[in-house]
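Worksheet: the structure to be examined is printed underneath.
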Amino acid sequence: MLIKVQHEDFELSLVSDYFKQCGTEIGAVVTFTGLVRDFQHQPDDKERVEALTLEHYPGMTESVLTQLAEDAKSRWTLNEVVIIHRVGTLYPGDNIVLVATASAHRQDAFNGCQFIMDSLKTTAPFWKKEQTSHGARWVDAKQSDQSEVDKWLTQSAKEC
Amino acid sequence: MLIKVQHEDFELSLVSDYFKQCGTEIGAVVTFTGLVRDFQHQPDDKERVEALTLEHYPGMTESVLTQLAEDAKSRWTLNEVVIIHRVGTLYPGDNIVLVATASAHRQDAFNGCQFIMDSLKTTAPFWKKEQTSHGARWVDAKQSDQSEVDKWLTQSAKEC
Amino acid sequence: MINVLFFAKYREQLNTDSLQLDADFSSVESLIDVLKTKGDTWQQVFSQSGLMVAVNQQMAKLNSALKDGDEVAFFPPVTGG
Amino acid sequence: MINVLFFAKYREQLNTDSLQLDADFSSVESLIDVLKTKGDTWQQVFSQSGLMVAVNQQMAKLNSALKDGDEVAFFPPVTGG
């Protein structure tokens, strides 16, 4: 398991390099990369985002991310998990987060990766502050992110 | 859109390089990589797979893959799609297929990528022949692959 | 003329990559009827339940119409990815 | 002693990264009651509906118990990823 909170950028190729050491049991690798967009999601809010500052809670962040990876491994058959999240000042087009899962089967890899991303959005202690052409402001949490993670809870209840 | 059928290996980094040219509208990139495993999926079938030969239908393959990318782009908001599938002789641990989607939103990127992979499995004219310790044999199509693609059809019907 | 292609297991079983037929065929089914007469192996291959067919590189059905110059391909269920 | 941390918007609004309190608190709620007395801004921040709290780097609730040496962090809903 590779869990990192860092200022530096990352390359997608680190995923293949890291999973290569896990041998030939792996049949499927899914990666998610989140990047800084230069527009807010809301259609009525078209201020240009010039930069993003990511603050986090050192220590708790790492333990929440590790727990998310463990949770995913307990729900699906995953050989390995990578989570890398950047902090500090980022610009449009910059990488923010990388989540990667390796499994024997593609549905496990897809589900594990999507579950980790959805859960990270609502439980990992990161906060974004945007520098826009109209000034700086803290990004508000989105109700849709809570809905996405609630789907996994419902699914879990059904499985039991 | 980047669609390729090739003998050569590929690197995950090509995805970030290719999507970088699409500008800063992209907030989410999902990749799927399929690799050669050295065991069959069936638990009662533990012959070692020494190599895999992939045959395809030149011309039709490219047009089916292009159509799958178009279908995904019509169902979800995707900025770009990459599909690369290898043919020829491959060994355990080798890459077989790469599907990547870029979108403003993560659920679109996840859904598009998973839809393309599920559909590719049942509609793109590729055939695998395994060289195992017990001899060579053509891989049988899996009913579970048909079930996975059927889910997308059902979902489409519900959306209408 | 119809150009007929065979892939994967069928190609091996029939020991044939492709063949050209000069006759006219109204449908895929009528082409199959003729191919079946080429011997026991041909009879077997074209009686398999998983048989897939493409006409001009598009998935087709047994009752799909054929016209002069068409490319018809027969293959087992696909197993890529 | 309780170590109290503030993050993001709250850190800025309170103009405080962290503070140490020597008093004993039975729960997060009783700690908040004391923090609210520190001024109008504190009153406002700790009345916000989205307030999240962690005790010793684990998500906690308003009625979570506190003991000497605990680290308590207050922050708004998270927005990473």
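So you know, we letter chains A, B, ... as the sequences are listed, proteins then strands, and number each from 1.
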Judged by atom type as modelled, is there a donor-acceptor pair below 3.5 Å linking the side chain of D/Thr79 to the main-chain atoms of A/Lys128? yes
Quick check on the structure: residues of residues 49-56 of chain D within a heavy-atom distance below 4.5 Å of chain A, by number. D/Met52, D/Ala54
Mark yes when over 12 heavy atoms from residues, nucleotides or ligands other than A/Gln6 sit less than 6.0 Å from its CD; otherwise mark no. yes
Taking CD in A/Glu11 as the centre, count heavy atoms belonging to other residues, nucleotides or ligands within less than 6.0 Å. Is the count above 12? no
Going by heavy atoms in the side chains, are A/His56 and D/Phe7 under 4.5 Å from each other? no
Student check: side-chain heavy atoms of D/Lys9 and A/Lys129 closer than 4.5 Å: no
Residue pairs, two or more places apart or on separate chains, that pass side chain to side chain donor-acceptor pair (under 3.5 Å) and touch residues 93-102 of chain A: A/Asp9-A/Asn95
Quick one: pull up CD in A/Glu55 and CZ in D/Arg11 and give me the separation to the nearest 0.5 Å. 4.0 Å
Taking every heavy atom of A/Thr123 against every heavy atom of D/Val78, the minimum-distance pair comes out as N-CG2, 3.7 Å
Contacting moiety of A/Ser63, where chain D heavy atoms sit under 4.5 Å: side chain
D/Met59 to A/Met60 - nearest heavy-atom pair and separation: SD-CE, 3.4 Å
Would the distance check show the side chain of A/His85 and the main-chain N or O of D/Gly80 forming a donor-acceptor pair, the cut-off being under 3.5 Å? no
Toward chain A: residues of residues 25-45 of chain D with heavy atoms under 4.5 Å: none
Non-neighbouring partners of D/Asp22 that pass side-chain hydrogen bond (donor to acceptor under 3.5 Å, both in side chains), sequence neighbours left out: none
Check: A/Trp127 side chain, D/Pro76 main-chain N or O, donor-acceptor pair, under 3.5 Å: yes
